[in-house]
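Throughout, residue positions are numbered sequentially from 1 according to the sequence presented.
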Amino acid sequence: KKYTPVYLSFLPGLDSEEKQVFEATVYYLVKIASNKAKYRQEILDVLNEKISQTGYNPEFREYIKQQLQNISLKNN
């Protein structure tokens, strides 16, 4: 039986049009990435992929960028 990381169940929230759902999703993903080194790169890859998507909500893109800075500041 293969273990599925919990953070994968949060990913659909990144596509939510509801700001509150989106921000909560990013918050939890960033929290997991900050505390679990083994998932950090995977989560960073997912978030970076989202901000590079054309047509992605600009406000959400900026929110992700801000949160990514928080991760890099904490882990340097």
Side-chain angles (χ1 to χ4, degrees):
K1 182 178 173 183
K2 191 172 187 226
Y3 174 73
T4 303
V6 168
Y7 81 86
L8 290 176
S9 65
F10 294 135
L11 296 184
L14 291 174
D15 295 320
S16 175
E17 292 179 15
E18 290 183 49
K19 186 177 179 182
Q20 193 172 5
V21 172
F22 168 79
E23 287 182 353
T25 301
V26 174
Y27 171 83
Y28 283 114
L29 289 172
V30 166
K31 197 101 169 126
I32 293 168
S34 296
N35 294 309
K36 299 278 186 188
K38 71 179 183 176
Y39 300 133
R40 186 172 300 133
Q41 193 55 55
E42 292 173 40
I43 291 172
L44 292 177
D45 290 346
V46 167
L47 292 175
N48 280 311
E49 184 181 313
K50 280 290 170 194
I51 59 176
S52 68
Q53 282 181 356
T54 355
Y56 198 65
N57 181 326
E59 182 184 352
F60 288 6
R61 178 180 287 125
E62 283 309 309
Y63 185 78
I64 291 175
K65 286 180 183 178
Q66 189 177 27
Q67 296 307 309
L68 288 174
Q69 281 187 315
N70 292 341
I71 292 176
S72 60
L73 290 175
K74 284 181 189 172
N75 292 299
N76 284 336

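- Checking side-chain atoms of Arg61 against main-chain N and O of Gln53 turns up a donor-acceptor pair under 3.5 Å.
- A heavy-atom distance below 4.5 Å is not found between the side chains of Lys36 and Tyr7.
- Considering only heavy atoms from C-beta on, Leu68 comes within 4.5 Å of Ile51 through its side chain.
- Using a 4.5 Å cut-off on side-chain heavy atoms (C-beta onward), Phe22 and Tyr63 make contact.
- Checked against Phe10 for a side chain to side chain contact (heavy atoms under 4.5 Å, CB included), the options Thr25, Val46, Ile43, Val26 give a single hit: Thr25.
- Rounding to the nearest 0.5 angstrom, the gap separating the CG atom in Asn48 from the CD1 atom in Ile64 is 9.0 Å.
- Leu14 has its side chain within reach of Tyr56: a pair of non-hydrogen atoms, C-beta onward, lies under 4.5 Å apart.
- At a threshold of 4.5 Å between side-chain heavy atoms, the hydrophobic network of Ile, Leu, Val, Met, Phe, Trp and Tyr places Val21 and Phe60 in two separate groups.
- With rounding to the nearest 0.5 Å, the separation of CZ in Arg40 from CG in Asp45 is 12.5 Å.
- For the atom pair Glu62 CD and Asn57 CG, the distance stands at 10.5 Å (nearest 0.5 Å).
- Applying the side-chain hydrogen bond (donor to acceptor under 3.5 Å, both in side chains) criterion to Asp15, with sequence neighbours excluded, gives Lys50.
- Defined by atom type and a distance below 3.5 Å, a donor-acceptor pair is missing between the side-chain atoms of Gln67 and Tyr27.
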